[in-house]
Amino acid sequence: MAKIQPRIYKGTRDFLPEQMIKRNYVINIIKRVFEKYGFEPLETPTIELWETLSGKYGEEGDRLTYRFTDRGDREVGLRYDLTVPMARVVAMYPQIPKPFKRYQIQPVWRADKPQKGRYREFYQCDVDIIGSASMLADAEIVAIIYETLQKLGFSGFKIRINNRKVLSGLTEISGAGIEKEVEICRAIDKFDKIGLEGVQGELEKRGIPADARERILNYLEISGSNQERLNQLEKAFADSEIGLEGLAELRELFGFLKEYEIPDEFLLFDLYLARGLDYYTGPIYETVVEEPRIGSITGGGRYDRLIGLFSGQDQPATGTTIGLERIITVMEELNMFPENLRTSVQVLVTVFDRDSLPYSIKIARTLRDAGINTDLYTGKSKLRGQFGLANDKGIPLVLIAGPDEIQNRLVNIKDMRSGAQQQVDLAEMVNAVRKLLAAEAAG
RNA sequence: GUGGAUGUAGCUCAGUUGGUUAGAGCACCAGGUUGUGGACCUGGGGGUCGUGGGUUCAAGUCCCAUCAUCCACCCCA
């Protein structure tokens, strides 16, 4: 048989056990927070009909969506995010009680060129509230972002918050024409990278007239605390109904966030935040970490008209994506994972020889019945090799039972970290192992 | 999709103006240690120098093409 070169499709990855353990660690923390806030799980198919996906993400999004025809010539695609499939679900099952709080952790696919922290297949963790127009729903989302990142051990991050209506207001009073809003947003969004002068240049390139440019830049330059900037914009937006509406929403949102007692230093009203997706209609949010510079680790906002595309009837909705891949990248770079996260195996039961095998099986069964993650050695190496395996995998405890122990109903427990070894009665084994594991976890 | 850089052992890399048989560290395997890992010592396996073509007496080294990877832009998690 001809050997096939083992290769992997660009932008995709295998997750070996050591990585999976880290990923599960992160996912479990995220899930716990989501459920603590009253969100319930949802999953949707990998493949959707093309009509479900197309036109929801803007022109660029369409281009980056994997698309093909099945054997019956039906146009289908791989999901590009979790929000649109969820909107389809909500429209299909109107009986779901509202407000509907769902979370969803699944891979999505983008036909993008891979880069650092950017893949063609990657996981997203979404939380959304459907059926509430209240800013309280948005506050819940921001609060969940804050708590999730805290629980994961992040300390240096900022949740940037803006409102699409404020950007509409900005466009309106600039006099550039409301149809230029997307162009203006794109230009503004680049501020972080290119600075105010760069934004000026971008606006010019995108055909925004000089007087409109000047007005936009004027407002962008407004400085001060979150409150002060909201106040100043309120005056400037006197002639823009939509702009004022957006500011009022932000005021209410920040008011709620005060009740959640999220420290001010984590929240930033940021006029420069625009976000690319077309479907946002109200508050929008995004989280950035100070280092390493990797782009945003969460992103979301309110999208009150998306569900209407499927049901014919608009349904207020808001939510965020927590970017699992980037979070893991950052946590790895900042060494934020606990030390003893290399394996889920807690004990390796060695096998001395063929005659001692029944005794080893008995030991393993006893430990497993006690709920301890136990590997029983099934290979052909001598003790030396078995210890090597435990060492390579980072298994904390190794149990040894040879002829001497068997005769006296004893077992040897070796703590691989300290190198210390103790001999205990078989009846005491589970307790002794638990004790050592607890000490391990604490240390 | 556009622009730039880089490809030598499983990994990180060295390799002189082109000149014998391409090296190191780590990792791996075996032994020292027939009841015990990590440290140490000894030995060992492993490379069509990304691939294809060209120049040359001679190419890891120079040229062309191609593929792959990385970086930036675009967009985004």
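Lettering of chains follows the sequences in order, A, B, ..., and the numbering in each one begins at 1.
- Summarising the geometry, atom CD1 belonging to A:I144 is positioned 11.0 Å from atom SG belonging to A:C125; distances are rounded to the nearest 0.5 Å.
- With values rounded to the nearest 0.5 angstrom, A:F15 atom CZ is found 14.0 Å from A:I21 atom CD1.
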Whether each nucleotide of nucleotides 37-42 of chain B has a protein heavy atom under 4.0 Å at its base (B), only at its sugar-phosphate (S) or at neither (-) is summarised, 5' to 3', as BB----
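- Separation of the P atoms belonging to B:G52 and B:A9 is 16 Å when rounded to the nearest angstrom.
- For residues 134-152 of chain A, every residue pair satisfying the salt bridge (charged side-chain N to carboxylate O under 4.0 Å, His left out) rule, not counting sequence neighbours, is listed here: A:K36-A:E147, A:K101-A:E140, A:D138-A:R302, A:E147-A:K151.
- A:K113 contributes a side-chain N or O that forms a donor-acceptor pair with the base of B:U2 under 3.5 Å.
- Taking the six-membered ring where the residue is Trp, A:Y272 and A:F191 present parallel rings, their angle staying beneath 30° rather than reaching 60°.
- Between A:T83 and A:Y57, the side chains place no donor N or O within less than 3.5 Å of an acceptor N or O (distance only, hydrogens not considered).
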Using a cutoff of under 3.5 Å, can you pull out all pairs of nitrogen or oxygen atoms linking the protein to nucleotides 67-69 of chain B, with atom names and distances?
| residue | atom | partner | partner atom | Å |
| --- | --- | --- | --- | --- |
| B:U69 | OP2 | A:K10 | NZ | 2.6 |

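- The side chain of A:K190 approaches B:C75 more closely than any other nucleotide in the set B:G35, B:A77, B:C75.
- Here A:Y123 lies out of heavy-atom contact (under 4.0 Å) with every strand.
- As rounded to the nearest Å, B:G46 and B:A24 have C1' atoms that lie 15 Å from one another.
- With RNA chain B read from its 5' end, the first of the two nearest nucleotides for A:G299 and A:P114 is the one closest to A:P114.
- Spacing between atom CD of A:E183 and atom P of B:C74 amounts to 13 Å, rounded to whole angstrom units.
- Nucleotides B:G7 and B:C49 have their C1' atoms positioned 10 Å apart, rounded to a whole Å.
- The distance from atom CD of A:E60 to atom P of B:A77 is 12 Å, rounded to the nearest whole Å.
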Give the C-alpha distance, both sets of side-chain angles, the deciding distance and a yes or no for salt bridge (Lys or Arg N to Asp or Glu O under 4.0 Å) between A:R79 and A:E48. CA-CA 6 Å; A:R79 63 165 172 264; A:E48 293 276 355; over 6 Å; no
Candidate pair A:Y359 and A:L426, rule side-chain contact (heavy atoms from CB on, under 4.5 Å), full reasoning: CA-CA 10 Å; A:Y359 195 72; A:L426 196 54; 3.9 Å; yes
Both atom distances under 3.5 Å, Watson-Crick or G-U wobble: I'd like the secondary structure of RNA chain B as a dot-bracket string, with | for pairs made across strands. (((((((..((((.....[...)))).(((((.......))))).....(((((..]....))))))))))))....
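- Rounding to whole angstrom units, OH of residue A:Y279 and C1' of B:C76 are separated by 11 Å.
- Spacing of C1' atoms, B:C26 relative to B:G38, comes out at 15 Å, to the nearest Å.
- Considering CG of A:L271 and CG of A:L167, their distance stands at 7.0 Å, rounded to 0.5 Å.
- You won't find any donor-acceptor pair under 3.5 Å spanning the side chain of A:Q386 and the base of B:U36, going by distance alone.
- Each of A:R63 and A:D112 was matched to the nucleotide of RNA chain B holding its nearest heavy atom; the match closer to the 5' end belongs to A:R63.
- For the pair A:R110 and A:Y80, the cation-pi test (distance below 6.0 Å, angle within 45°) is passed.
- Residue pairs meeting the side-chain hydrogen bond (donor to acceptor under 3.5 Å, both in side chains) criterion with at least one partner in residues 390-405 of chain A, sequence neighbours excluded, are A:E405-A:N412.
- With A:I322 as the partner, the side-chain contact (heavy atoms from CB on, under 4.5 Å) test is satisfied by one option alone out of A:V26, A:I327, A:V33: A:I327.
- Comparing the P positions of B:G10 and B:U6 gives an interatomic distance of 23 Å, to the nearest angstrom.
- Remark: nothing in residues 141-152 of chain A comes within less than 4.0 Å of RNA chain B through any heavy atom.
- Nucleic acid contact class of A:K393 (heavy atoms, under 4.0 Å, all strands): none.
- Rounded to whole Å, the C1' atom of B:A72 lies 15 Å from the corresponding atom of B:C76.
- The distance between atom CD1 of A:I406 and atom P of B:G35, rounded to the nearest whole Å, is 14 Å.
- A:K56 places a side-chain N or O within 3.5 Å of a backbone atom of A:S54 that can act as its donor or acceptor partner.
- Among the heavy atoms of the strands, none lies under 4.0 Å from A:E286.
- Regarding A:Q421, its CD atom lies at a distance of 9 Å from the C1' atom of B:G35, rounded to whole Å.
- A:R160 has its CZ atom 13 Å from the C1' atom of B:C76, to the nearest Å.
- Taking atom P on both nucleotides, B:G32 is separated from B:C70 by 44 Å, rounded to a whole Å.
- A:E181 and A:S168 form a side-chain donor-acceptor contact under 3.5 Å, judged by distance and modelled atom types alone.
- To the nearest angstrom, C1' of B:A77 lies 16 Å from CD of A:E332.
- By the 5.5 Å and 30° criteria, A:F122 is stacked with the base of B:A77.
- The 12-atom threshold is exceeded at CD of A:E265, counting heavy atoms of other residues, nucleotides or ligands nearer than 6.0 Å.
- In this structure, CG on A:D128 lies 9.5 Å from CZ on A:F100, to the nearest 0.5 angstrom.
- Going from the C1' atom of B:G44 to that of B:G3 covers 48 Å, rounded to whole Å.
- Following rounding to the nearest Å, A:D189 (CG) and B:A77 (P) show an atom-to-atom distance of 10 Å.
- A:Y303 and A:Y280 have perpendicular rings, their planes meeting at more than 60° on a 0 to 90° scale where under 30° would count as parallel.
- For B:C74, its base never sits under 3.5 Å from the side chain of A:R186 at any donor and acceptor pair.
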